[in-house]
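When a ligand or atom number is given, it counts from 1 through the structure's own listing order.
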Amino acid sequence: MKYLKISKETEEIVKQMTLEEKLGMIHGGQLFQTEGVSRLGIPPLKMSDGPMGVRREFEAALWKGAGHTDDYVTYLPCNSALAATWNRKLASDMGEVLGKEARGRGKDVILAPGINIKRTPLCGRNFEYFSEDPYLTKELAVPFIQGIQKWDVAACVKHFAVNNQETERLSVDVIADDKALREIYLPAFYEAVTKGKSLTVMGAYNKVKGEFCCQSRFLLEDILRKEWGYDGVVISDWGAVHDTGLAANSQLTIEMSVTYDFDQYYMAEPLKEKIRNGEIEEQVIDEKVIRILTLMTRLHMLDGKRKAGSYNAPSHRQKALEVARESIILLKNEKKHLPMDTGGLKELLIIGENANCMHANGGGSAEIKALYEITPLMGIKTLLGGNTQVVFVPGYCREEMKEESSLNWQEDSLRNDKGKEKQAEKNTALHNKRKMLREDAVRMAKEYEHVIFIGGLNHEQDTEGNDRKDMKLPYEQDLLIREILKANSNTIVVLTGGSPVEMGSWISMAPSVLWSWYGGMEGGTALAEALFGKVNPSGKLPETFYKRHTDCSAHAMGEFPGGKTVTYKEGVFVGYRYNDTFAVSPEFCFGHGLSYTTFSYDNAKAVRAKEQTQVFCTVTNTGTVKGAETVQVYLAPLHRKKEEPVQELKGFEKVELEPGESKEICMVIEEDCKGREIRIASSSRDIRSIIKI
Ligand code: BGC
């Protein structure tokens, strides 16, 4: 068989199977599982979303929660939050929690992580993805995958490939040149399967080079199997297969979908038909079945030696908290405005709906039925205790909830006009309501000495199936923030979201700004700790925070969202690679993140070996509180060719230091640095030291 070593036993089992039994294994027999073959002791393959925890149980053949009480789980921070930690160990630990919970819930495949590159800040699923940078993505995705798989559960790295927008996601044909594919969009997938050894891969909805990804010879055969030597299982995204012959003859292993006519899936009855009439060889089905059996062997599903896992363990919530703590980013902090002092704090006014909002149960397939979720308001009240009077006013509100559609959104999602339908009209009543809430909040902001605004996005914007139309804060928040800052110039601004927002109309007025992502069940605890200095923020931006979306290359040079096709005319100039090369200033640059302490960098040096360079530097905590710094290494060509970015991230290391403490760190660059200068930096635009070798 092509691209896989087969054991004798596996071959024997396949020989004993009927065609119907084999077909049952290669397509969904329920929404989240395939058929097993009980007479031969082969179990079904059970899958579940997703990146932030194990999704609730669904009815077998209905997009409706099964209504169980035993499927509440640990709600983990989103992948963007994990990326903001720049912490490989935490990525591995968080992967372990996810794997252990998936196994605890009886799953075989966890449909995570999502590692698509953030090409534009407007992509609705950005919160599920790590970064605009392939190096940062793979450095965290690999340990995350390895962590999951320690628990005899398969990771399913998704969505392969160039799935970078939700608009027309089911059909758009992505046109990207080979350099962009090889240097930006494919490297994290390459590492995920070669180094991370992800046991499964999910094919994307979109097309590449005119072929649907899940039937693509170019992606699945030429690249994944032949070039990368991948021998695992390829699962389609739900409803991403469009042709029986093409799918069967491609390197896709399992077809999943969102409809309930399981027998009519392309790789079910229609395939049987084609095999019976000789159009397709049975051999191609055997190959797929062998891959699935090999996966089952690797997961110890057939030998009774499988790990059991568990979910909702206190240690899992602790890990969620640790990730949330390190993910928070201090974007701005003039005159040490933060942290706030808890001593003698009598009253505190909190404005903003996000202070009081739970995010777990939203966003699309990444939704989580969380065991609990600590909101920022709850986190702050818990931290301060009863002697501080914490007063909350919403300040703004979202659209009224629309009537529930009879279909679940996921079934609905195969209709492409969903995004447009979803855009709720702002009516006069809503505008008036917001005006009233705003006036209330502004009046109170004048009365209180201490005010925190907590706003940003929620899963109405950061959601599967829909892209934003611009980076503006929703619900008239810009006006609200400006008015609050005019009323009380001391107000702390906290924003939550999975993608950047425009801040230009008020950023110069705000003395301090904290960014928090969808931080999981303990997100509110972590935020409170950061606000009051119990934890020193150490997150750094895993993506560029543009001033406006038109400052991003996908919009400035490329196409977005395109039509039937979308051409990535910007090539490799994605994220900071564009902004730095073409001198477009962002609001906050890639790699940026402040601390309550300061760090100095000394003794920079580089030792060059064959295909590797070791970069050393000594970092000292020059402030008065403990803190952690992520030192970044960028390589910059000495004589840049037109098609090259001015610099690219190639290494980083996070180090924690007590006040006054120094440590030498070593960053290994896995390539020859010849002809390039080595920049040791605190962010992509805060270069501390340059080495030329
Ligand atoms: C998403 C996948 C998800 C699948 C199953 C699709 O809509 O694109 O990421 O894993 O549904 O829920």
(message) Under 4.0 Å, heavy-atom basis, I'd like to know which part of Arg169 is in contact with ligand 1: side chain, backbone, both or neither.
(response) side chain
(request) Identify, by atom number and element, the atoms of ligand 1 in contact range of Lys158, meaning under 4.0 Å from any of its heavy atoms. (result) 2 (C), 3 (C), 9 (O), 10 (O)
(request) For the residue pair Trp228 and Phe160, categorise the inter-ring angle as parallel (less than 30°), tilted (30 to 60°) or perpendicular (more than 60°). (result) tilted
(message) Which of the numbered atoms in ligand 1 are under 4.0 angstrom from any heavy atom belonging to Leu111?
(response) 10 (O)
(request) Give yes or no for whether the N/O distance cutoff of 3.5 Å, strictly under, is met between Trp238 and ligand 1. (result) no
(message) For Lys307, is the NZ atom crowded, meaning more than 12 foreign heavy atoms sit under 6.0 Å from it?
(response) yes
(message) Do Arg119 and Tyr568 form a cation-pi contact, if we require the NZ or CZ to be under 6.0 Å from the six-membered ring centre and within 45 degrees of the ring's axis?
(response) yes
(request) Give yes or no for whether the N/O distance cutoff of 3.5 Å, strictly under, is met between Arg125 and ligand 1. (result) yes
(message) Tell me whether Glu464 reaches ligand 1 (any heavy atom closer than 4.0 angstrom to a ligand atom).
(response) yes
(request) Show which atoms of ligand 1 fall inside a sub-4.0 Å distance from at least one heavy-atom site of Arg55. (result) 12 (O)
(message) In this structure, is the centre-to-centre distance between the rings of Tyr75 and His359 below 6.0 Å?
(response) no
(message) Aromatic contact between Phe130 and Trp86, with the criterion being ring centroids under 6.0 Å apart: yes or no?
(response) no
(message) Against ligand 1, does Met47 come closer than 4.0 Å with any heavy atom?
(response) no
(message) Ignoring hydrogens and geometry beyond distance, is a side-chain donor-acceptor pair present between Ser131 and Asp133 at under 3.5 Å?
(response) no
(message) Suppose I only count heavy atoms of Ser365 and a 4.0 Å limit; which atoms of ligand 1 are within that range?
(response) 1 (C), 2 (C), 3 (C), 9 (O), 12 (O)
(message) Side chain, backbone, both or neither: which applies to His159 and ligand 1 if a contact is any heavy-atom pair less than 4.0 Å apart?
(response) side chain
(request) Could you point out which residue of Glu211, Gln251, Lys207 forms a side chain to side chain donor-acceptor pair (under 3.5 Å) with Ser216? (result) Glu211
(message) I'd like to know whether the aromatic ring centres of Tyr518 and His459 sit less than 6.0 Å apart in this structure.
(response) yes
(request) Mark up the atoms of ligand 1 that fall under 4.0 Å of a heavy atom belonging to Phe32, in ascending order. (result) 5 (C), 12 (O)
